[in-house]
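To keep things clear, I will list the structure first and then write my remarks on it.
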Amino acid sequence: MDTVIVIMEKDKKSGFLEKEAGSLSLSKNEEYIVNVYSMNDSLYLRLSVDRDVKDWEYNAVFDYFDTEVFGDKVNEISEVGDTYNPTWEFKLSFDRENQEDITERVEEILEIFKTEINDVFNVIADKEGEYLNEEEQ
């Protein structure tokens with residue numbers, strides 16, 4: 001069963017969501033989406049991990065997450081630091097007239113994100129001691 005996510009247009013000045021700009025119909029990996037909105041012909045997609053991380057894992061996930069794996073699928077990727085779990089904001093061009101294209105692109109990004117975040121958790125699994133030692137210093 002697909003999950004439908006409504007894309008709302010965000011007003012640049014007020015920051016309020018104003019009107020529906022489209023929708024995404026996703027069949028998998030939607031659990032990584034924190035929120036999504038559009039502004040000025042761009043789509044902003046915030047993605048995070050699918051579980052709560054331990055304190056030491058928070059920095060480790062950011063340290064090992066490779067944004068380069070997304071290549072030219074996104075225009076910008078930035079870390080969102082004021083969240084409980086590691087979160088990134090992905091900015092990509094958004095054509096309201098081509099909903100199928102944006103859904104396909106978001107599905108690709110979600111698949112890459114899932115693979116990358118799983119790889120990160122595998123890499124950091126044995127690094128707890130290193131990060132706990134850093135916190136004590």
Side-chain angles (χ1 to χ4, degrees):
M1 180 176 346
D2 284 358
T3 299
V4 177
I5 298 174
V6 175
I7 302 168
M8 297 297 292
E9 180 73 25
K10 186 175 184 178
D11 181 81
K12 188 175 183 175
K13 291 180 184 175
S14 70
F16 291 118
L17 300 175
E18 294 188 320
K19 61 184 176 185
E20 186 177 332
S23 64
L24 301 169
S25 182
L26 306 171
S27 58
K28 59 183 178 176
N29 300 321
E30 66 277 354
E31 66 271 16
Y32 297 105
I33 297 176
V34 176
N35 65 35
V36 60
Y37 63 92
S38 68
M39 186 169 56
N40 298 338
D41 298 324
S42 292
L43 183 78
Y44 294 83
L45 179 66
R46 283 196 176 188
L47 303 179
S48 188
V49 297
D50 61 346
R51 61 179 179 237
D52 287 341
V53 297
K54 298 175 184 169
D55 289 344
W56 72 268
E57 289 177 308
Y58 186 88
N59 288 331
V61 168
F62 277 129
D63 288 347
Y64 285 89
F65 189 85
D66 182 11
T67 59
E68 299 295 319
V69 298
F70 295 92
D72 62 356
K73 299 206 181 319
V74 297
N75 298 344
E76 291 176 32
I77 302 173
S78 56
E79 293 177 0
V80 180
D82 61 347
T83 57
Y84 183 77
N85 286 313
T87 304
W88 294 263
E89 184 170 77
F90 295 76
K91 179 182 175 184
L92 46 153
S93 56
F94 178 54
D95 178 6
R96 287 168 183 72
E97 303 304 315
N98 197 344
Q99 295 295 305
E100 226 173 89
D101 175 60
I102 196 66
T103 297
E104 287 175 19
R105 288 174 42 218
V106 168
E107 285 177 337
E108 286 180 59
I109 291 166
L110 288 170
E111 192 61 39
I112 295 167
F113 184 85
K114 175 185 175 182
T115 300
E116 180 62 17
I117 207 65
N118 286 334
D119 290 349
V120 166
F121 278 118
N122 287 333
V123 168
I124 69 168
D126 62 350
K127 301 202 180 298
E128 181 175 4
E130 293 174 35
Y131 280 88
L132 291 177
N133 287 338
E134 279 182 18
E135 290 174 7
E136 291 173 2
Q137 294 177 2

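Owing to the predicted nature of the structure, the values given are computational and were not obtained by experimental measurement.
- Both F94 and F70 are part of a single hydrophobic cluster, where members link through side-chain heavy atoms under 4.5 Å apart.
- The line from NZ of K127 to CH2 of W56 is 9.0 Å long, rounded to the nearest 0.5 Å.
- A single hydrophobic cluster is seen to contain both V106 and I112, as judged by linkage of ILVMFWY side chains at heavy-atom distances under 4.5 Å, directly or through other members.
- Side-chain contact between I102 and L92 is present, with at least one heavy-atom pair separated by less than 4.5 Å.
- Within the model, atoms NZ of K19 and CG of D11 stand 10.0 Å from one another, a figure rounded to the nearest 0.5 Å.
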Report the C-alpha separation of E20 and M8 in whole Å, then their side-chain angles, then the decisive distance to 0.1 Å, and conclude whether the side chain to side chain contact (heavy atoms under 4.5 Å, CB included) test is met. CA-CA 5 Å; E20 186 177 332; M8 297 297 292; 4.3 Å; yes
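- The distance from atom CD of E31 to atom OG1 of T3, rounded to the nearest 0.5 Å, is 9.0 Å.
- When side chains are defined from C-beta on, I33 counts as touching L110, because their heavy atoms get closer than 4.5 Å.
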Walk me through it: do V61 and I117 pass the test side chain to side chain contact (heavy atoms under 4.5 Å, CB included)? CA-CA 8 Å; V61 168; I117 207 65; 3.7 Å; yes
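- Taking every heavy atom of both residues into account, D66 and E116 meet most closely at N-OE2, 2.9 Å.
- Scanning all heavy atoms of the two residues, the minimum distance from R96 to A21 falls at CG-O, 3.6 Å.
- Applying the 6.0 Å contact sphere to NZ of K73 captures no more than 12 heavy atoms from other residues, nucleotides or ligands.
- Atoms NZ and CD, from K12 and E18 in turn, are 13.5 Å apart once rounded to the nearest 0.5 Å.
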Criterion ring-ring contact (aromatic ring centres under 6.0 Å, His included) on F65 and F113, from CA distance to verdict: CA-CA 9 Å; F65 189 85; F113 184 85; 5.6 Å; yes
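- Q99 places a side-chain N or O within 3.5 Å of a backbone atom of S23 that can act as its donor or acceptor partner.
- Side chains of V53 and F121 form a contact here, defined as non-hydrogen atoms less than 4.5 Å apart.
- The OG atom of S78 sits 11.5 Å away from atom CH2 of W88, with the distance rounded to the nearest 0.5 Å.
- Cluster annotation: V6 is not connected to Y32 through the hydrophobic network of ILVMFWY side chains, with a link wherever side-chain heavy atoms come within less than 4.5 Å.
- Ion pairing between K28 and E107 fails under the 4.0 Å rule for side-chain N and carboxylate O.
- Cluster annotation: L26 and L43 are assigned to the same hydrophobic cluster (Ile/Leu/Val/Met/Phe/Trp/Tyr, side-chain heavy-atom contacts under 4.5 Å, transitive).
- From L24, atom CG reaches atom CG of D2 across 11.0 Å, with rounding to the nearest 0.5 Å.
- Within the 3.5 Å criterion, the main-chain N or O of S93 finds no donor-acceptor partner in the side chain of S42.
- The hydrophobic clustering, which links ILVMFWY residues whose side-chain heavy atoms are closer than 4.5 Å, places Y58 and V49 together.
- Here the options are T87, I109, V34, I77, the test is side chain to side chain contact (heavy atoms under 4.5 Å, CB included), and the partner is L47; only I109 passes.
- Across every non-hydrogen atom of T103 and S25, the tightest pair is CG2-O, 3.4 Å.
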